[in-house]
J.: 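This is the structure I have questions about; it appears just below.
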Amino acid sequence: MPHHRKTDNKDFFTRVYEVTKLIPYGRVTSYGAIARYLGTGRSARMVGWAMNASHTSSIFIPAHRVVNRNGFLTGKHHFGNTKTMQQLLENEGIIVENDQIVNFSEKFWDPATELK
DNA sequence: ATTCTGACAGCAA
DNA sequence: TTTGCTGCCAGAA
């Protein structure tokens with residue numbers, strides 16, 4: 001990919017969504033893990049941007065399954081209600097205490113090792 | 001064209 | 001252990 005234009009930017013968001021959609025029900029991953037899987041390991045913040053934009057997408061993107069590297073629900077304020085993200089996770093059997101996922105290592109799904 | 005901003009992550013203190 | 005700073009880089013407050 002020699003060039004990097006607007007269409008490519010859109011591809012980045014699309015690629016982020018593609019990976020996000022593959023996160024299994026009841027599992028979670030991190031912004032950085034998605035970034036690394038896409039080969040842009042230093043663009044974790046951009047993954048956050050993509051999650052923010054995903055809410056306006058007509059396609060369902062399970063953005064609630066993306067948390068920070070320590071399992072904290074750092075994106076909770078970007079859902080309609082402050083409690084929404086946690087509720088969505090709890091609906092999938094994930095336990096959240098003090099904005100952090102319990103047994104995070106067991107729930108963690110790393111695209112780099114799970115996808116081939 | 002320029003500047004500002006973050007749903008992060010890593011590391012220095 | 002915890003906090004604070006810095007690099008990051010695509011969008012647009």
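Throughout, a chain's letter reflects where its sequence line sits, starting with A, and its residues are numbered from 1.
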J.: Side chains of residues 35-53 of chain A: which donor-acceptor partners sit under 3.5 Å, not counting sequence neighbours?
T.:
residue, atom, partner, partner atom, Å
A/Thr40, OG1, A/Ala35, O, 3.4
A/Asn52, OD1, A/His78, ND1, 3.4

J.: Looking at A/Ile23, A/Ile61, A/Thr74, A/Val16, which one forms a side-chain contact (heavy atoms from CB on, under 4.5 Å) with A/Val66?
T.: A/Ile23
J.: Select base, sugar-phosphate, or nothing to describe what A/Asn52 touches, counting heavy atoms under 4.0 Å on all strands.
T.: base
J.: What distance separates A/Asn91 CG from A/Gln86 CD, expressed to the nearest 0.5 Å?
T.: 10.5 Å
J.: Select base, sugar-phosphate, or nothing to describe what A/His64 touches, counting heavy atoms under 4.0 Å on all strands.
T.: nothing
J.: Taking 5' to 3' order, which nucleotide of DNA chain B is first and which is last to have an atom within less than 4.0 Å of a heavy atom in chain A?
T.: B/dG6 to B/dG10
J.: Does DNA chain B take part in any stems of at least 3 consecutive Watson-Crick or G-U pairs (both distances under 3.5 Å), and if so, which ones?
T.: B:3-6 with C:9-12, B:8-13 with C:2-7
J.: Quick one: pull up CD in A/Glu92 and OH in A/Tyr25 and give me the separation to the nearest 0.5 Å.
T.: 5.0 Å
J.: Which residues in residues 76-112 of chain A have at least one heavy atom lying under 4.0 Å from any atom of DNA chain B?
T.: A/His78, A/Phe79
J.: Give the ring-plane orientation class for A/His64 versus A/Phe60, where under 30° counts as parallel, over 60° as perpendicular and anything between as tilted.
T.: tilted
J.: Does A/Leu22 reach the side chain of A/Trp109, with side-chain heavy atoms less than 4.5 Å apart?
T.: yes
J.: Consider the side chain of A/Met46, meaning its heavy atoms from C-beta on, and name the nucleotide among C/dC9, C/dG11, C/dC8 that approaches it most closely.
T.: C/dC9
J.: Enumerate the salt bridge (Lys or Arg N to Asp or Glu O under 4.0 Å) contacts for residues 76-90 of chain A, please, sequence neighbours excluded, ordered by first and then second residue.
T.: A/Lys76-A/Asp99
J.: Touch check for A/Ser30, heavy atoms < 4.0 angstrom, all strands: base, sugar-phosphate only, or nothing?
T.: sugar-phosphate
J.: Taking transitive links into account, so neighbours of neighbours count too, which hydrophobic residues share a cluster with A/Phe104 at under 4.5 Å side-chain distance?
T.: A/Val28, A/Val67, A/Leu73, A/Phe79, A/Met85, A/Leu88, A/Leu89, A/Ile94, A/Val96, A/Ile101, A/Phe108
